[in-house]
Each structure stands twice: as C-alpha cells, then as structure tokens.
Colleague: 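Dumping the structure here so I can ask a few things about it.
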Amino acid sequence: AAIKLFKQAIKSGPCHPQVAAAVIRLLLAKHKTWRAVGFFFGLKPGEMQRRAAAPLVNGLAAARARWAFRGLFWRHKELLRQDDKAWGQVGYTLTNFKMSKRAALWLSDWRSRPDVQPWMLFNLCLGLRQLGRYAEADGVARYAVEKWGHRAGSADLRLFIAMEDALSGKVSDRKSV
C-alpha cells in the first residue's frame, strides 16, 4: 500500500526527492530486486533519480544481486558517477562482488571527489591490494587516515595499515598509525 501511494505521489507532480529512495528501500526490503531496478529505470533523470541511486546500489549489494547490479551499472554508469555517495556504493559493490580490477578503476578518481569518505577508500585499498598494487594501496590508506582520521571508516583503514605493516615486517611502525 505504501509503495503504491509513493508511486502515485511521484506521478502526480512535484514531491520530495527522497520519495523515490523510499520506494527503492521498500521494494528491496520485500526482496523485489528486479522491481526496484525497473522502478529506478522508469524515473525521470534528475534529483529524485540521483537520490535513489545509492540506496539501490547498496540494496543490490546486500541482496547479492550481481546481475541486477550489472544491468544498472551498464545502463546508468554516468549517473552513478555523478553522485559521490552512489559512486562510493558502486565501489563497495564491485569489491563485494570480487571485481577488484573494476573497483580499482572505478574508484581511481577519488582525489577529484569533494565528498569522498574513508569507507569508500577502504574499498579502493582492497581492490588495489588484490591487484598486487601494495604500495599504492598503502599510500591511499595512509593519506585517508592522515586527512580524515576522525571520520567513520578510518578505523578500518588503520587496521588495513597495521596489517600491511605487519606483512611487510614493519611491526614497530604500527603505533604511529
């Protein structure tokens, strides 16, 4: 009933842009993954669609809906790139689906993102490490902890650095992180 009411509100004219995100969350909570993706595809380009992107990607990752995510990614890659939260969720999802090369490539423009968060860079570090780019992963993690050590997600990066130090024999450096 709530989904139907929200859909009518969207069709009837101007409404709060978070309504589409609410519909996405409700559909995903009912395990209607493909309906959530179809609903998203039917949204007009704009703020409402932009705000619905991150919850959709997050929900697809949680549902392990790899094919639905691939369809969304293929069809709306540029939209997902425009919003930093959606961009970060895509990086998480790619990492979660063991697509390390794509995750590292997708997240590689992190320095140009105004709202990048440590949890987003943690996924970049994991992707880089899976590709054997250890020094680059370590550099990203250290930069993020130095710059945003107070933000949520930085504890994971501190642990990442400590593990990298331990694996490379720099155990004495772990207290400086």
Side-chain angles (χ1 to χ4, degrees), residues 1-128 130-131 140 144 148 151-157:
I3 294 171
K4 191 174 187 177
L5 181 69
F6 285 149
K7 285 181 176 182
Q8 287 173 347
I10 291 169
K11 283 183 182 179
S12 68
C15 65
H16 196 281
Q18 279 299 117
V19 172
V23 171
I24 295 286
R25 287 186 179 101
L26 287 169
L27 288 168
L28 291 168
K30 292 181 175 216
H31 306 288
K32 296 183 177 183
T33 306
W34 287 104
R35 284 191 57 199
V37 172
F39 172 76
F40 181 83
F41 285 172
L43 290 171
K44 293 179 184 170
E47 185 65 13
M48 195 173 290
Q49 189 183 45
R50 187 191 68 76
R51 289 193 188 195
L56 178 58
V57 173
N58 187 41
L60 295 177
R64 309 282 307 146
R66 186 180 192 117
W67 289 107
F69 169 73
R70 287 183 125 174
L72 174 68
F73 185 72
W74 177 77
R75 190 163 170 188
H76 287 287
K77 188 182 293 186
E78 289 311 310
L79 172 72
L80 297 170
R81 193 180 296 282
Q82 290 171 9
D83 179 72
D84 286 348
K85 190 169 184 179
W87 169 86
Q89 288 292 343
V90 168
Y92 165 78
T93 303
L94 290 167
T95 301
N96 196 25
F97 289 158
K98 310 282 188 252
M99 301 168 84
S100 301
K101 190 173 185 176
R102 275 200 173 156
L105 182 63
W106 178 261
L107 296 168
S108 67
D109 65 342
W110 66 274
R111 290 185 189 271
S112 68
R113 302 225 162 242
D115 294 325
V116 70
Q117 299 294 319
W119 67 266
M120 299 169 181
L121 295 181
F122 181 74
N123 292 299
L124 173 59
C125 291
L126 291 177
L128 291 170
Q130 288 291 335
L131 296 172
V140 170
W148 303 298
R151 291 188 185 172
S154 62
D156 291 335
L157 287 168

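Heavy-atom basis, side chains included; hydrogens, waters and symmetry copies ignored. Sequence positions, counted from 1, serve as the residue numbers for this chain.
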Colleague: May I ask you to test the Trp106-Lys77 pair for a side-chain heavy-atom distance under 4.5 Å?
Modeller: yes
Colleague: Please round to the nearest 0.5 Å and tell me the distance separating atom OG of Ser154 and atom CD of Gln117.
Modeller: 10.0 Å
Colleague: As an exercise, state the distance from OG1 of Thr93 to CG of Leu72, rounded to the nearest 0.5 Å.
Modeller: 9.0 Å
Colleague: Looking at every non-hydrogen atom in both residues, tell me the closest pair between Pro114 and Asp84 and how far apart they are.
Modeller: CD-OD2, 3.3 Å
Colleague: Determine, stepwise, if the pair Leu107 / Leu121 fulfils side chain to side chain contact (heavy atoms under 4.5 Å, CB included).
Modeller: CA-CA 8 Å; Leu107 296 168; Leu121 295 181; over 6 Å; no
Colleague: Side-chain donor-acceptor contacts of residues 25-41 below 3.5 Å, not counting sequence neighbours, with atom names and distances?
Modeller:
none

Colleague: Kindly indicate whether the side chain of Leu79, heavy atoms from C-beta on, has any atom under 4.5 Å from the side chain of Pro45.
Modeller: no
Colleague: Going by side-chain contact (heavy atoms from CB on, under 4.5 Å), name the residues that satisfy it together with Ala86, two or more places apart in sequence or in a different chain.
Modeller: Ala53, Ala54, Leu80, Asp83
Colleague: Do Met48 and Cys15 make a side-chain contact, defined as non-hydrogen atoms from C-beta onward lying under 4.5 Å apart?
Modeller: yes
Colleague: Could you walk me through whether Arg81 and Asp109 pass the side chain to side chain contact (heavy atoms under 4.5 Å, CB included) check?
Modeller: CA-CA 10 Å; Arg81 193 180 296 282; Asp109 65 342; 4.2 Å; yes
Colleague: Would you check, one step at a time, whether the test side chain to side chain contact (heavy atoms under 4.5 Å, CB included) holds for His16 with Glu47?
Modeller: CA-CA 10 Å; His16 196 281; Glu47 185 65 13; over 6 Å; no
Colleague: Is there a side chain to side chain contact (heavy atoms under 4.5 Å, CB included) between Ser100 and Thr95 once you walk through the steps?
Modeller: CA-CA 6 Å; Ser100 301; Thr95 301; over 6 Å; no
Colleague: In a table with atom names and distances, give each donor-acceptor pair under 3.5 Å that connects a side chain of residues 55-71 to protein atoms at least two apart or in another chain.
Modeller:
unit_1 : atom_1 : unit_2 : atom_2 : d
Arg64  : NH1    : Asn96  : O      : 3.3
Arg64  : NH1    : Asn96  : OD1    : 3.3
Arg66  : NH1    : Phe97  : O      : 3.0
Arg66  : NH2    : Phe97  : O      : 3.2

Colleague: To check you understand the geometry: which heavy-atom pair defines the closest contact between Leu128 and Ala104, and what is its length?
Modeller: CD2-CB, 4.0 Å
Colleague: For the NZ atom of Lys44 and the CD1 atom of Ile10, what is their distance to the nearest 0.5 Å?
Modeller: 10.5 Å
Colleague: Hey, what do you get for CE (Met120) to NZ (Lys85), rounding to the nearest 0.5 Å?
Modeller: 8.0 Å
Colleague: With Tyr92 as reference, evaluate Trp119, Trp87, Phe122 under the side chain to side chain contact (heavy atoms under 4.5 Å, CB included) test and give the passing residue.
Modeller: Trp119
Colleague: Is the closest side-chain heavy-atom distance between Val140 and Trp110 below 4.5 Å?
Modeller: yes
